[in-house]
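Working notes, beginning with the structure itself.
By convention in this document, chain letters (A, B, ...) are assigned in the order of the sequence lines, proteins followed by strands, and residues within each chain are numbered from 1.
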Amino acid sequence: MPYDFERVERKWQQYWAENRVFDVERDPGKPKFYCLEMFPYPSGALHMGHLRNYSIGDLLSRYLWMKGWNVLHPMGFDAFGLPAENAALKYGVHPKKWTWDNIEHMTAQLKSMGCSYDWRRRVETCAPEYYRWTQWIFLLFLKNGLAYRKHAPVNWCESCQTVLANEQVIDGGHCWRCGSVVTKRKLEQWFLNITRYAQELLDSLDSLAGWPERVKLMQRNWIGRSEGVRLTFPVEGLEKGLETFTTRFDTIYGVTFLALAPEHPMVEEFARLSPNGEQIRAFVKETVQKSEIERTAVGGEKKGVDTGFKAINPVNGEKVPIWVSNYILIEYGTGAIMGVPAHDQRDFEFARKYGIPIRLVIQPEVGALEPETMSHAFEEEGIQCNSAGFDGLPTRESIPRMARWAEETGIGKREVNYRLRDWLISRQRYWGAPIPVVYCEKCGIVPIPEEQLPVLLPDVQVLPGGKSPLPETPEWVNTTCPACGGPARRETDTMDTFICSSWYFLRFTSPWTQDGPFRGEDVNYWMPVDQYIGGIEHACLHLIYARFFTKVLSDLGYVEVREPFTNLLTQGMVIKDGSKMSKSKGNVVDPDEIIRKYGADTARLFILFAAPPDKDLDWSEKGVEGAHRFLKRVWRLVEEGGARLKEAPRRRIPLAEIEERSRRELKRRIHSTIENVGRDIEKERQFNTAVARLMELSNDLSDFVPETDQDWILYREGIETLLLCLSPFTPHLCEELWEMLGNRGCLATAAWPEVEADCLEAESVTIVMQVNGKVREKIELPAGLSEEQLKERVLSHEAVRKRLEGKEILKVIAVLDRLVNVVVKG
RNA sequence: GCCGGAGUGGCGGAAUGGUAGACGCAGCGGACUCAAAAUCCGCCGGGCCUCGGGUCUGUGGGGGUUCGAGUCCCCCCUCCGGCACCA
């Protein structure tokens, strides 16, 4: 009977479903393990990246299950998002129908992969039963002062017709979704106060020992903490002063100008009062129009215009000109800087261009710089000069000392600034969770009362051109104010889909709950996620947002954990012909086709074998065939064993009772395989080598020719061990063969085999004999010899003696059970 | 520019400071076959030689530590990733 993977896979998928094998409940008697893969967007069909992600998660879940853990392994869909609206425009199908059809199709695909999910727990973020609680959480944020509206310059993607959060603008000014150039618009929008958590998000990264350094570093960079001083420069002729932030207060005596961002609120005032107001306005207009990329390009030309106003340096009363310049960002610090051209490269370039004086206040420890001859700013540490009472101090001391002095004299205040901005969460889109507030003429912004949730998304048609239909749906927009009963308008923006995915891992713990987002006893039993698996592209998106949500919900008493994901595995991309699979490159391989042609087991095995999980994986059809060949060999192994194998007693013969040497070696190989595969999966997270070890065992079993009854018992032990250890990788095949061997019960719930410890100790070892570090002879010796015995045995060995003839032995190094290195002269 | 990560056969990739190249793919030789496919057996980093053995060399390049370095340290090169006028 040939290996009919199609029949086998259908049979076992049905068996697992009918017997509810993967349903899981809280069980205080067992250690819990929460294994989670990032849920997919229901784009239509699974791609290879998904297949890889879910193969890894399924392998781990099944393995841990066998090891006796109570494993929560759920799956769901991140189902709100723009592609549904685009599909509606393109095919005329409603986003809701498109999305739900895709969800059902992709669920079927996941089942055809043989994934061990508890399907009762499936969540879809676009379902009212889910987004009801997304809205509830939003209101919780609002109630606690963590959600607010603000008028601000925001990122706008023309193609997506919506605003974007900072994290969603990538590659120097492009939309994370569609890649279009992002522009700035001044709009009033909803924000979440993530910056309030900046310090904790940064600090607790240190507690995430199970996260890749790379991801933690990316988050640290993204949060971008810097310590400095905030100080105000009085402006000559005005009541108001100008606030600036600097990390180099030690250069305060080197300030020769001030510069404002074009968007700075004081700019218009200067323009109004200045004789060259028109020039200032023209410059601002020109600059603000430019895209983020043009404006923030490094080495881009720094331009500016003098306002004619002077600021007064509070430390020495000196008057310096106030400029408006394109290189100052309104979003960071105060949107105004103190210009120190001698010690800041950007200020240096600007000052040189406009003939602004350069004053050195720090000299290098060796040599002396002259402002006239400097080719670039001196940004390193040195010795303070031209700085009144601070002259002579090294930078290391002057920074803290001068900052303290600033506070003592009231000139400035120490402050920490972050690059991280508050999270802009409103989207001018239809297919998202409505923001549950109304605008009432009398009462202002009024939250929808909890008991009236969810605010249902109305079933309306999307508009040509892609604009949201919500503002054009008066019967939905016009409503009554929950507070005063008067007329009110609904908020027509929906929430960023990253909100929906910031708490789904909590919902999985009790997805059927109707009186809260989740149940406390469930969430506190299952959380945190012990292993999270997904792509690195979410390092500064989903993974920061989810951490933020967890901390807020923890502070408000809804969950106990402060970090959602204990261990993070960032899987590599699937590559073909040197680049990431993509429709535009035409190098896409369809998972369905692979499963149809070779079966899910083959696909899973290849994916897990071809590369370590965190590295990119080169897709190779030949490699897939290789994986398939291996599975066929395993099949034949059982089939060719025939009745003799099936009838062999299922019993383990202790190592000590096996007389023949080669049989003992096989026994050892069986047990070292269990040990090593377990370690590779559990500790090393290196699945490719685990597969290699299973292939070795299979090769050894193929070579073995059982003769005696005892041989057949041993052979059966070997084959059953292979099936057990292979089953988390290729579950269907192993189940079938397990059954063919006459076993009862399914492998998915079988226990991982026990290692017989005495089998891990070798009987004999190959000792390498080196002369001056070079391998010369290999000698088979009994294991466990002492250092003295080892030297003795090696040095008296005939071939070794021959080699050492006429040479003076200086030193002999022996490494137990490994090698002997003889250091000689001559 | 700054910060990470990585460079190992024809290819994907293995190697607690101790036999470099496990396992697989491709290739070559052979068996089976009328033939092919499938399957099975053998070989498979490079050079040289008196070749079923020997010898030198070999993990991006150059130095160092060590009895011994793919692995540790220093310098350099290349590729990939992140951030990038963040004051």
Side-chain angles (χ1 to χ4, degrees), chain A residues 2 170-172 212-222 224-226 228-229 244-249 251 259 261 295-302 325-340 343-347 349-350 417-421 536-537 539-540 572-573 575 605-606 609-612 614-627 629-630 632-633 636 686 688-699 702-703 766-778 810-824:
Chain A
I170 57 166
D171 298 334
E213 274 313 311
R214 193 155 68 115
V215 176
K216 289 191 275 186
L217 195 81
M218 283 166 74
Q219 292 207 356
R220 278 191 197 104
N221 287 341
W222 187 261
R225 182 185 200 272
S226 50
V229 171
T244 62
F245 173 76
T246 178
T247 54
R248 290 298 302 274
F249 187 73
T251 64
R295 257 191 77 181
T296 60
V298 176
E301 200 188 354
K302 291 174 180 51
S325 175
N326 63 348
Y327 77 97
I328 313 304
L329 304 172
I330 186 64
E331 304 101 76
Y332 188 75
T334 62
I337 61 129
M338 55 178 232
V340 187
H343 304 292
D344 183 288
Q345 184 59 23
R346 298 155 300 179
D347 298 348
E349 287 166 30
F350 188 72
N417 255 288
Y418 300 92
R419 219 185 63 108
L420 182 74
R421 308 287 144 77
I536 192 153
E537 66 273 14
C540 293
M573 290 185 300
I575 299 286
L605 185 72
F606 168 73
F609 177 58
D614 54 333
K615 297 263 175 59
D616 286 351
L617 182 154
D618 241 8
W619 188 266
S620 143
E621 182 96 11
K622 289 286 179 194
V624 177
E625 280 169 18
R629 257 198 300 273
F630 169 69
K632 283 202 287 189
R633 270 201 295 274
R636 275 200 307 275
Q686 182 124 309
N688 53 331
T689 52
V691 175
R693 293 180 202 288
L694 290 165
M695 286 174 167
E696 286 177 286
L697 176 60
S698 155
N699 290 343
S702 298
D703 292 343
T766 306
I767 299 294
V768 170
M769 186 264 171
Q770 296 183 332
V771 177
N772 291 342
K774 286 186 199 229
V775 178
R776 290 302 174 205
E777 301 291 337
K778 292 173 188 178
L810 298 178
K811 199 173 172 186
V812 180
I813 289 129
V815 180
L816 294 183
D817 287 346
R818 284 226 115 110
L819 67 72
V820 172
N821 186 11
V822 185
V823 185
V824 300

Give me, pair by pair, the N or O atoms of the protein and of nucleotides 46-57 of chain B that are less than 3.5 Å apart, along with how far apart they are.
unit_1	atom_1	unit_2	atom_2	d
B:U55	OP1	A:Arg803	NH1	3.3
B:U55	OP1	A:Arg803	NH2	3.4
B:C56	OP1	A:Arg776	NH2	3.4
B:C56	OP2	A:Arg776	NH1	3.0
B:U57	OP2	A:Lys774	NZ	3.1

Atom pairs under 3.5 Å, N or O on each side, protein against nucleotides 16-18 of chain B: can you list them with distances?
unit_1	atom_1	unit_2	atom_2	d
B:U16	O4	A:Arg818	NH1	3.2
B:G18	O2'	A:Arg818	NE	3.4
B:G18	N2	A:Gln770	OE1	3.4

Grab the N/O contacts between the protein and nucleotides 79-81 of chain B below 3.5 Å, and write none if there aren't any.
none

Problem - CE-CD1 distance between A:Met573 and A:Ile536, expressed to the nearest 0.5 angstrom - result: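 A:Met573 atom CE to A:Ile536 atom CD1 measures 10.5 Å (nearest 0.5 Å).
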Practice task
Decide yes or no for A:Ile337 and A:Thr246: does some side-chain heavy atom of the first lie under 4.5 Å from some side-chain heavy atom of the second?
Solution key: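 Of all side-chain heavy-atom pairs linking A:Thr246 with A:Ile337, none is under 4.5 Å.
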Exercise for the section: Determine whether A:Tyr327 and A:Glu349 make a side-chain contact, defined as any pair of heavy atoms from C-beta on separated by less than 4.5 Å. Expected result: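 No, too far: nothing below the 4.5 Å cut-off.
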Problem - Ring geometry between A:Trp619 and A:Phe606 (parallel below 30°, tilted from 30 to 60°, perpendicular above 60°) - result: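 Judged by the thresholds at 30° and 60°, the geometry between A:Phe606 and A:Trp619 is perpendicular.
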Integer angstrom distance from the [atom1] of [N] to that of [M]:
N     : M     : atom1 : answer
B:C77 : B:A87 : P     : 28 Å
B:A37 : B:G47 : C1'   : 39 Å
B:A26 : B:C80 : P     : 29 Å
B:A20 : B:C56 : P     : 13 Å
B:U19 : B:C72 : P     : 16 Å
B:A36 : B:G30 : P     : 12 Å
B:G63 : B:G27 : C1'   : 39 Å
B:G13 : B:G7  : C1'   : 14 Å

Below 3.5 Å is the cut-off: list the nitrogen or oxygen pairs between protein and nucleotides 63-65 of chain B, distance only.
none

Handout entry: Audit row: A:Arg248, A:Asp344, side-chain contact (heavy atoms from CB on, under 4.5 Å) steps and yes/no
Key = CA-CA 9 Å; A:Arg248 290 298 302 274; A:Asp344 183 288; over 6 Å; no
Please work out if [X] contacts a base, only the sugar-phosphate, or nothing of the nucleic acid, heavy-atom cut-off 4.0 Å.
X        : result
A:Thr246 : sugar-phosphate
A:Asn699 : sugar-phosphate
A:Gly626 : sugar-phosphate
A:Lys778 : base
A:Arg693 : nothing

Problem - Smallest separation among heavy atoms of A:Val771 and A:Met769, with atom names - result: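 Result for this residue pair: CG2-CE, 3.5 Å.
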Problem - Shortest non-hydrogen contact from A:Val215 toward A:Ala539 - result: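 A:Val215 and A:Ala539 have their closest heavy atoms at CG1-CB, 4.0 Å.
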Practice task
Under the side-chain hydrogen bond (donor to acceptor under 3.5 Å, both in side chains) rule, collect the residues that match up with A:Gln770, sequence neighbours excluded.
Solution key: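 With neighbours one apart ignored, the set is empty.
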Exercise for the section: Determine if the base of B:G9 is syn or anti; take syn to mean the glycosidic torsion is within 90° of 0. Expected result: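 B:G9: syn.
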Problem - Closest to side chain of A:Phe609, choosing from B:A87, B:G24, B:U39 - result: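 Nearest to the side chain of A:Phe609 among the choices is B:G24.
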Problem - Side chain of A:Asn326 - closest among B:C85, B:A15, B:G24 - result: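 The answer is B:C85.
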Completion exercise
Writing each nucleotide of RNA chain B 5' to 3' as (, ), [, ], | or . by Watson-Crick or G-U pairing under 3.5 Å yields (((((((..(((.....[....))).(((((.......))))).(((((...)))))..(((((..]....))))))))))))....
Handout entry: Nearest-nucleotide 5' precedence on RNA chain B, A:Gly623 against A:Val823
Key =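 Residue closer to the 5' terminus by nearest nucleotide: A:Gly623.
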Exercise for the section: Nearest-nucleotide wise, let me know which of A:Ile328 and A:Ala610 is further upstream toward the 5' end of RNA chain B. Expected result: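 First, find each residue's nearest nucleotide; the 5'-ward one identifies A:Ala610.
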Would you indicate, yes or no, if [N] has its OP1 or OP2 atom less than 4.0 angstrom from a side-chain nitrogen or oxygen of [X]?
X        : N     : answer
A:Arg629 : B:A26 : yes
A:Asn688 : B:A14 : yes
A:Lys302 : B:C85 : no
A:Ser226 : B:A87 : yes

Practice task
Take A:Asn326 and A:Lys302 through the test side-chain contact (heavy atoms from CB on, under 4.5 Å) and record every step on the way to the result.
Solution key: CA-CA 6 Å; A:Asn326 63 348; A:Lys302 291 174 180 51; 4.3 Å; yes
Practice task
In sequence, state the C-alpha distance, the side-chain angles, and the governing distance for A:Lys216 and A:Glu213, and then conclude on salt bridge (Lys or Arg N to Asp or Glu O under 4.0 Å).
Solution key: CA-CA 5 Å; A:Lys216 289 191 275 186; A:Glu213 274 313 311; 3.3 Å; yes
